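The next block holds one structure in the form of structure tokens; read it before the comments.
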Amino acid sequence: MSDRSEFLWYIPNDVKAGHRGDVVDPNHNSVETLADQAQALERHGWKGALIGTGWGRPDTFTVASVLAARTTRFEPLIAIRPGYWQPAHFASAAATLDQLSGGRVRINIVSGKDNLAAYGDDEADSSQRYARTKEFMRIVRRLWTEENVTYSGAHFCVSDSTAAPRILQRGNRRHPKLYFGGASDAAEHVAATEADVQLFWGEPLGDVKQRIERLKTLSQRLDRDLSPLEFGLRITTLVRESSAEAWAAAEAKVADMAKKAGAGWNDHGPAIAIGQRRLLDLQARGDVLDDNLYTAPGKFGAAGAGTTWLVGSASEVASSLQKYRDLGIKYFILSDTPYLAEIERQGKILLPLLRD
């Protein structure tokens, strides 16, 4: 694989229209609307897109499969949950889609809170969920790279298991990359030993630097036996032709959020995970951190990657992203709404400034 940075987008799969300020369209979740976004990403030079997961939303793997079929280069980063999937079942499904799509699958493993009981999962304890995730990732990787796998753990067991079809090695890519997020101690232990890419949300540069250094040290201490852990950033980027235009648009969006009490901006549920708390705590340090990291959205109901935004002209936002890249961030997952319009706008004026 190249050491060059990669830039992905975000495609929402939600039963409710108007996600994070998107256009309220009754066909927002149709094949046509979602495929339009995936095809626009191809046209404008994006590598692919994260597709989120959560009970009560359309099934992420199904959406990703349809979008892969409607495109030729688009790479879906498919969010999935251990507990929703059994590891051998998932390994086979992902290997099948990887084969059918010509090696375009990426996976984001999610361990956070969800409506677990609704789909028959009863593991609500955080430390146990992460221990299970650790086993899940290890088994899936082995099923993709070994044959006749036998594993007996605290959470999963397989015996003489060979996933079919086999993952086809493409250059240095032996299998789809496993992306992972989380800021708790338990999550960092999983990332340090099992993940291919650790994803961060939009924290200030100094905070991200500390986390990268801590994870590298932890990987060494835990005797990581995989390739070195890589790093990614998932953040909202509000870009306009000029700085003044961008900040006017950002402040107008936040004012609208305040008026609507953040409706449509929080799809992470009432529980506040450690990573989310870190973002919300940034408000005490100011509305704008570093050069242009805007923390105000979190005051009015924004969550996840919508909690903090990089705001500015294309050159200003590109400069900020370059600073994250200088810290060791390789994978960037950007977004803003309306999604389709911003795919095109940022593809035209931001992406050209970010190419190596």
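FYI, the numbering just counts along the sequence from 1. None of these values were measured; they are calculated from a predicted model.
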Kindly compute the distance separating CZ (Arg141) from NZ (Lys177), expressed to the nearest 0.5 Å.
9.5 Å
Checking side chain to side chain contact (heavy atoms under 4.5 Å, CB included) for the pair Leu67/Ile51: CA distance, chi angles, key distance, verdict?
CA-CA 10 Å; Leu67 296 185; Ile51 306 173; 4.0 Å; yes
Nearest heavy atoms of Arg278 and Asp207, plus distance in Å:
NH2-CB, 4.1 Å
Any pair counted as ring pair (Phe, Tyr, Trp, His ring centres under 6.0 Å), so long as it reaches residues 210-239, sequence neighbours left out:
Phe200-Phe231
Would you check, one step at a time, whether the test side chain to side chain contact (heavy atoms under 4.5 Å, CB included) holds for Val317 with Asn292?
CA-CA 8 Å; Val317 172; Asn292 54 347; 4.1 Å; yes
Between Arg138 and Asp225, does at least one N-O distance fall below 4.0 Å, as a salt bridge requires?
yes
One should read off an interatomic distance between Glu188 CD and Thr217 OG1, to the nearest 0.5 angstrom, of 11.0 Å
Are Arg106 and Tyr179 in a cation-pi setup, meaning NZ or CZ lies under 6.0 angstrom from the ring centre and within 45 degrees of the ring axis?
no
So Leu282 and Thr308, side chain to side chain contact (heavy atoms under 4.5 Å, CB included) or not? Walk me through it.
CA-CA 9 Å; Leu282 295 175; Thr308 58; 4.1 Å; yes
Thr162 side-chain N/O to Asn148 backbone N/O, donor-acceptor pair under 3.5 Å:
yes
Under a 4.0 Å N-O cut-off, is there an ion pair linking Arg345 with Glu342?
yes
On a heavy-atom basis, the closest approach of Ala79 and Thr53 is O-CB, 3.4 Å
Taking Arg325 for the side chain and Leu354 for the main chain, is one N or O donor matched with an acceptor at less than 3.5 Å?
yes
Under a 3.5 Å distance rule, please check whether Asp25 uses its side chain to pair with a backbone N or O of Asn27 as donor and acceptor.
yes
Going from CH2 on Trp9 to CG on Leu50, what distance comes out if it is rounded to the nearest 0.5 angstrom?
12.5 Å
Inter-residue atom distance Ile235.CD1 - Asp336.CG, 0.5 Å rounding
11.0 Å
Closest heavy-atom pair, Ser92 versus Ala164, reported as atoms and distance to 0.1 Å, is OG-O, 3.0 Å
Polar side-chain atom of His189 near backbone of Asp185 as donor-acceptor pair, under 3.5 Å
yes
Sidechain-backbone polar pair: His175 side chain, Leu143 backbone, donor-acceptor under 3.5 Å:
no
Name of the residue among Lys47, Glu230, Arg234 meeting side chain to side chain donor-acceptor pair (under 3.5 Å) with Tyr331:
Glu230
Output the distance between atom CG (Leu321) and atom CZ (Phe332), rounded to the nearest 0.5 Å.
5.5 Å
Between the main-chain N or O of Ala303 and the side-chain N or O of Gln276, is there a donor-acceptor pair closer than 3.5 Å?
no
Within 6.0 angstrom of Lys299 NZ, more than 12 heavy atoms from elsewhere
yes
Distance, nearest 0.5 Å, that separates CD of Glu316 from CG of Leu353:
11.5 Å
Main-chain N/O of Gln128 paired with Asp125 side-chain donor or acceptor, under 3.5 Å:
yes
Ring centres under 6.0 angstrom apart (Tyr294, Trp247):
yes
Between Asp59 and Thr62, do the side chains contain an N or O donor and an N or O acceptor separated by less than 3.5 Å?
yes
Below 4.0 angstrom, N of the basic side chain to O of the carboxylate: do Asp291 and Lys323 qualify?
yes
Test ring pair (Phe, Tyr, Trp, His ring centres under 6.0 Å) applied to Tyr119 - qualifying residues, sequence neighbours left out:
Trp55, Tyr84
With a sphere of 6.0 Å drawn around CZ of Arg174, does it hold more than 12 non-hydrogen atoms of other residues, nucleotides or ligands?
no
Side chain Glu42, main chain Phe74, donor-acceptor under 3.5 Å
yes
